[in-house]
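Report on the following structure.
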Amino acid sequence: MKTVTSPAAMQQLSLKFREEAKTIALVPTMGCLHAGHLSLVHTARATADILVVSVFVNPMQFGPGEDLDAYPRDSDKDKQLCEDAGVDIFFFPSNDAMYPIGHSSFVEETVLSRELCGRLRPGHFRGVTTIVAKLLNIVLPHRAFFGQKDAQQALVVRKLVSDLSFPVEIVTCPTVRDTDGLALSSRNKYMSTEERNAALCVPGALEVAEQAIRSGTSDARMISSAMQEALKRTPGVKVDYVEVVDPSTLEPIVAISGPALVAVAVRIGRTRLIDNRLIGGPDVEPPTPWLPPSP
Ligand code: PAF
């Protein structure tokens with residue numbers, strides 16, 4: 001595995017791979033890799049000649065007072081995990097390389113980005129779309145892989161790529177969960193044992209929604225109230241939002257008659273967690289999801 005830190009060198013390498021008719025897959029990450037990322041890496045590995053994993057904690061997608069400084073970083077471990085997973089290039093640019101002094105261009109998706117997390121994290125998706133556009137231009141991948149846990153991000157990126165005609169296929173991969181149901185996230189590291197136990201109310205609330213919908217409840221307000229109730233029963237949990245939305249527009253659903261995306265964001269102590277479940281739509285889970293080998 002080669003480590004590349006210069007965006008220009010990365011782009012030159014990718015141009016050479018393309019000249020040699022090699023296919024390139026990109027898994028963009030902010031590092032501190034866990035089994036969720038590794039599942040993207042494994043899926044991506046099978047689809048391309050050259051697999052690039054980028055690790056860059058993008059300051060532009062963090063708001064004032066958010067966890068940019070505290071965000072977990074462990075590039076040595078990340079490199080080892082990538083090497084073991086058969087990654088070809090570990091792209092690890094510095095902040096100055098990605099945003100040199102004077103950087104003044106931004107990419108913004110203006111509709112989907114306003115919903116859900118966009119309401120509470122103004123500027124977040126502008127930061128995501130700007131860095132993703134840059135990474136696509138630098139790495140020039142044929143395919144880029146994103147996790148369904150960040151369902152809104154995956155949708156916003158698909159819209160960006162479609163609206164601005166990036167020649168890349170966006171692949172969304174299923175959420176990887178711990179055995180007790182908690183979705184894997186680098187931010188889970190912030191939580192104490194008690195907070196982690198409390199966090200199980202999030203997959204619990206999604207289960208409440210799934211059961212209600214499967215047993216015929218179509219009133220989305222009733223479903224969000226039942227979820228709110230389930231979340232409020234856990235001490236120390238602050239609900240940012242509970243929403244039942246259209247999976248392609250993210251607009252709130254009033255009466256469920258087709259696929260619905262149920263999305264939750266909560267804060268537990270200093271940790272913000274998001275999770276979602278797609279209910280009644282096409283099955284996004286592959287028949288045999290990749291699971292991390294047991295230690
Ligand atoms: O999902 C993430 O880790 C980040 O938002 C991404 C896509 C790498 C952009 O910084």
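Order of appearance sets the numbers: ligands from 1, and atoms from 1 within every ligand. Counting begins at 1 with the first residue of the sequence. The figures here come from the full heavy-atom set of this structure, side chains too, leaving out hydrogens, waters and symmetry mates.
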- Task: Please determine, by modelled atom types, if Asp76 and Gln80 share a side-chain donor-acceptor pair under 3.5 angstrom.
- Result: no

- Item | Distance from atom 2 (C) of ligand 1 to nearest protein heavy atom, with residue and atom | Gln153 NE2, 3.8 Å

- Task: Using the side-chain contact (heavy atoms from CB on, under 4.5 Å) rule, take Met60 and Met98 through it: C-alpha gap first, then chi angles, then the decisive distance, then the call.
- Result: CA-CA 11 Å; Met60 205 188 282; Met98 290 303 261; over 6 Å; no

- Note on the structure: For Thr29, the atoms of ligand 1 under 4.0 Å from one of its heavy atoms are 8 (C)

- Message: Check Asp88 with Arg45, please: is the shortest side-chain N to carboxylate O separation under 4.0 Å?
- Response: yes

- Note on the structure: Within 4.0 Å of some non-hydrogen atom of Gln61, the atoms of ligand 1 are 4 (C), 5 (O), 9 (C), 10 (O)

- Query: With a 4.0 Å cut-off, would you call Lys16 and Glu20 a salt bridge?
  - Reply: yes

- Task: With heavy atoms of Ile131 as the reference, note each atom of ligand 1 found under 4.0 Å away.
- Result: 9 (C), 10 (O)

